[in-house]
There are 6 protein chains.
Amino acid sequence: MTNGHLDIIERSAELFDEVFVAVLINKNKQGLFSIDERMALLREITAHLPNVRIDSWYGLLVDYCADHDIAAITKGLRAVSDFDYELQMAQMNKRLSGVDTLFMSTNPEYSFLSSSLIKEVATHGGDITGLVPDHVRDELVKRIAEQHAQ
Amino acid sequence: MTNGHLDIIERSAELFDEVFVAVLINKNKQGLFSIDERMALLREITAHLPNVRIDSWYGLLVDYCADHDIAAITKGLRAVSDFDYELQMAQMNKRLSGVDTLFMSTNPEYSFLSSSLIKEVATHGGDITGLVPDHVRDELVKRIAEQHAQ
Amino acid sequence: MTNGHLDIIERSAELFDEVFVAVLINKNKQGLFSIDERMALLREITAHLPNVRIDSWYGLLVDYCADHDIAAITKGLRAVSDFDYELQMAQMNKRLSGVDTLFMSTNPEYSFLSSSLIKEVATHGGDITGLVPDHVRDELVKRIAEQHAQ
Amino acid sequence: MTNGHLDIIERSAELFDEVFVAVLINKNKQGLFSIDERMALLREITAHLPNVRIDSWYGLLVDYCADHDIAAITKGLRAVSDFDYELQMAQMNKRLSGVDTLFMSTNPEYSFLSSSLIKEVATHGGDITGLVPDHVRDELVKRIAEQHAQ
Amino acid sequence: MTNGHLDIIERSAELFDEVFVAVLINKNKQGLFSIDERMALLREITAHLPNVRIDSWYGLLVDYCADHDIAAITKGLRAVSDFDYELQMAQMNKRLSGVDTLFMSTNPEYSFLSSSLIKEVATHGGDITGLVPDHVRDELVKRIAEQHAQ
Amino acid sequence: MTNGHLDIIERSAELFDEVFVAVLINKNKQGLFSIDERMALLREITAHLPNVRIDSWYGLLVDYCADHDIAAITKGLRAVSDFDYELQMAQMNKRLSGVDTLFMSTNPEYSFLSSSLIKEVATHGGDITGLVPDHVRDELVKRIAEQHAQ
């Protein structure tokens, strides 16, 4: 959850009546934070956006959209390597259920951010202030310290 | 005006309350059709879309958006070479006025279409049926025949 | 084995006298189907192509080509992210043995298909009819059901 | 006509029974060499390839292919920026007439060559030996000298 | 001359003992500013960089480098579409004279800037403050007003 | 360690007073060679370059640069897929500490080389002479034979 993600959420919340931010439940991978912890973080940093709902999903995104009457998916596009994969996903989702994907250009200031890069920098003690919301930074640094202590 | 453009207009008309399709007035280049002719063509092929308005514009797109209370621009993305230029434009427009650009994935079936390629094929007598709306095909073929006759 | 792959095989079979379709034996990864099962599937869906031979290979592709007097490798190119990797492989193979690689443009209709995406959609119960040959769809759905039952 | 082009012609001549190298007649642009001069240059540098025929064409490439019973078009791919445009052309040609395009990876040694870059270097007196066939270099240098003399 | 260019000049001036900024003399194209005016603008905005020299050049860049004992060329890379062309130029220059090109990543904040886009925005009265040095902005706005007055 | 890497090291050594070549210590992955063995290989093949120092590092590259007063990082760029990731890293490193990254174009002859591809070819007995320094080839072939013997 970087400032780049938050920027996309904020801009989506301005354009649409209701925005769902849904965390993917991945049964094969245990991240640094649990699904519940990630949803709590998201609720915290989107507290100023009344039309944003935090949720989680499992399975096909198109099924989640159908279940919640969602008309379109929004995504941020940073770079060409994003583009190929996301275009493929968008065309598959369109084919499966007719749901459309709307890509938004990343704020240039955040174009070099990725979750994995942020995590790597934080793991080695680099300062990520300004790259993620302050609350996320604090939780991430705390969690990494706990892991190192084990 | 290809079937790829029409597909983007139709999908935008489904997602948004009102859609403006605005032809750019380019004072340096005289195309095969005049601005008025192109607007008439657009009206013809979007006649089934009640929330689509055909218009023309000159100057900065962000000024046009501000004048008409337009919240977002939609564009189709076909290929990586589109991506770089369009991303640059989107970031500039966002910077100039805050207006957002929403990119939609092209229908794969139309991903290889471009206006200039269609025009070249038609000029040499190739069959463009199914690549552009029938009405556009008829007008394009007629206009090219007129030019050759001169 | 998607409809995109079958399309490349059919077009290769039209252009060349004899076409080998060879499944790579990967000792580190056990897929959903065994090598023999995959070869049986390929035989089934290419039964209408008399000049196509189904085989398997292990090791360097250039060695397989040399052993079977194969003059050129054909591959489908879908997207830019394919391009970089495949170009690298093609130049390496050319350097190792002189064998050439011929890239064919994917049918646009199948440009968004990948084996992993198909498998993911099928795993979550999405309908993949029209994206893979019917016989492949039936076997894939059956196999996934068996896995879930375990 | 660079060494990169000659490399693609030579490799095509090895893989196929007969190869047509056809110069596009562009009525809007007068190059440094006339169509006849370019065909003469091509005949000179492909004299060692008995199954290569030099020709010229005007109009749609698919019509030329149909008239000469040509089963496939071969093209060299250098870089990603080639890829997008050439893929678009290949899919359009496939759609128009069923003719397939086979892309070959450029010899890495020639991957940075383009006709316009070669011409620019030669115009300013740079040495292009090894980048184009010697005969082409001599003719190009002579022609540029004639132009400067005017 | 955008803030993106100035950023590359400043970073080059930090890394190297002496930096030449050389304006290309293009005999076929008359820009908004003459070569002398552009050099004066460059001198103005690099006045704080004592090891930067402003110059102009005509012909091959490698010849200019050889004449001035320049060991390397620095360039900013913004996007993938820059990459292909610039890599081609760099490999050609390396081949012609051995001179190396060093690419620097653009400051993300300026990644969407191009001279032509800036000029287009300014021509239509858009505010380019913060995108180009203030002095350049003033001169550009003045020049455009003069042109409109004609 | 391919001839492509050696080419970048040699060109860096020509342009800068002192060059550090530092092997990343990855605690999660055990490669074919240990860190000490890789440093010994690097010392062997850069023995002719007096201003090159071989070292290893762990953690953030920007911290290593700060500790050793390193002003800039040099990297080879082969292909577009390199570009996106490397640009992202470069912009992050610039942001974290101000250290700049200078990208050099790969020698075209080595543009298709990658460490993983070299290793795969060698594992299956392909000849990698000319693609890596002879000393590296000998050690790699020996190590692979030892592994197979186990």
Side-chain angles (χ1 to χ4, degrees), chain C residues 3-20 49 51 61-62 65-66 68-113, chain D residues 3-20 49 51 61-62 65-66 68-113:
Chain C
N3 275 343
H5 294 133
L6 183 54
D7 177 61
I8 297 294
I9 297 173
E10 287 175 338
R11 286 151 67 192
S12 300
E14 250 176 79
L15 288 175
F16 299 99
D17 294 334
E18 188 169 17
V19 173
F20 289 75
L49 304 167
N51 60 335
L61 184 51
V62 291
C65 292
H68 294 76
D69 256 329
I70 291 171
I73 300 161
T74 59
K75 289 256 175 127
L77 273 189
R78 286 171 309 164
V80 160
S81 50
D82 286 358
F83 175 80
D84 268 352
Y85 177 73
E86 293 293 349
L87 192 69
Q88 194 188 45
M89 286 299 302
Q91 291 176 331
M92 178 60 94
N93 285 334
K94 180 81 184 161
R95 160 88 185 224
L96 287 174
S97 78
V99 72
D100 246 312
T101 302
L102 300 170
F103 296 107
M104 305 172 93
S105 65
T106 304
N107 185 328
E109 208 183 323
Y110 304 135
S111 63
F112 61 94
L113 298 185
Chain D
N3 276 342
H5 295 131
L6 184 54
D7 177 61
I8 296 295
I9 297 173
E10 286 175 340
R11 286 153 66 191
S12 300
E14 250 176 80
L15 287 175
F16 298 99
D17 295 333
E18 189 169 17
V19 173
F20 289 75
L49 303 167
N51 61 335
L61 184 50
V62 292
C65 291
H68 294 77
D69 257 329
I70 290 171
I73 301 161
T74 59
K75 288 258 176 126
L77 274 188
R78 286 170 310 164
V80 161
S81 49
D82 286 357
F83 176 81
D84 268 352
Y85 177 72
E86 293 294 350
L87 192 70
Q88 194 188 45
M89 288 298 302
Q91 291 177 331
M92 179 59 96
N93 286 334
K94 179 80 184 163
R95 160 89 186 222
L96 286 175
S97 78
V99 72
D100 245 312
T101 303
L102 300 170
F103 297 106
M104 305 173 92
S105 64
T106 304
N107 185 328
E109 208 182 324
Y110 305 134
S111 62
F112 61 93
L113 297 185

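Naming convention: chains lettered A, B, ... in sequence-line order (proteins, then strands); numbering from 1 in each chain.
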Next item on the list: Would you check if D:Phe103 and C:Phe83 make a side-chain contact, meaning some heavy-atom pair closer than 4.5 Å?
Entry: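 They are not in side-chain contact.
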Note to self: Using side-chain heavy atoms (C-beta onward) and a distance below 4.5 Å, is D:Leu102 in contact with C:Met104?
What the structure shows: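 A side-chain contact exists here, since the closest heavy-atom pair is under 4.5 Å.
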Next item on the list: Can you see which heavy atom on D:Leu77 is nearest to which on C:Leu77, and at what distance?
Entry: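 Distance-wise, the nearest heavy atoms are CD1-CD1, 3.9 Å.
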Notebook entry, point to check: If you look at every heavy atom in C:Ala72 and D:Leu15, which pair is closest and at what distance?
Noted result: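 Nearest heavy atoms, C:Ala72 then D:Leu15: CB-CD2, 3.8 Å.
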Note to self: Donor-acceptor check, side chain of C:Gln91 to backbone of D:Thr106, threshold 3.5 angstrom: yes or no?
What the structure shows: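 Flag set: sc C:Gln91 to bb D:Thr106 pair under 3.5 Å.
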Notebook entry, point to check: Any idea which of C:Thr101, C:Thr74, C:Asn107 has the most non-hydrogen atom pairs under 4.5 angstrom with chain D?
Noted result: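 Most pairs with chain D among the choices: C:Thr101.
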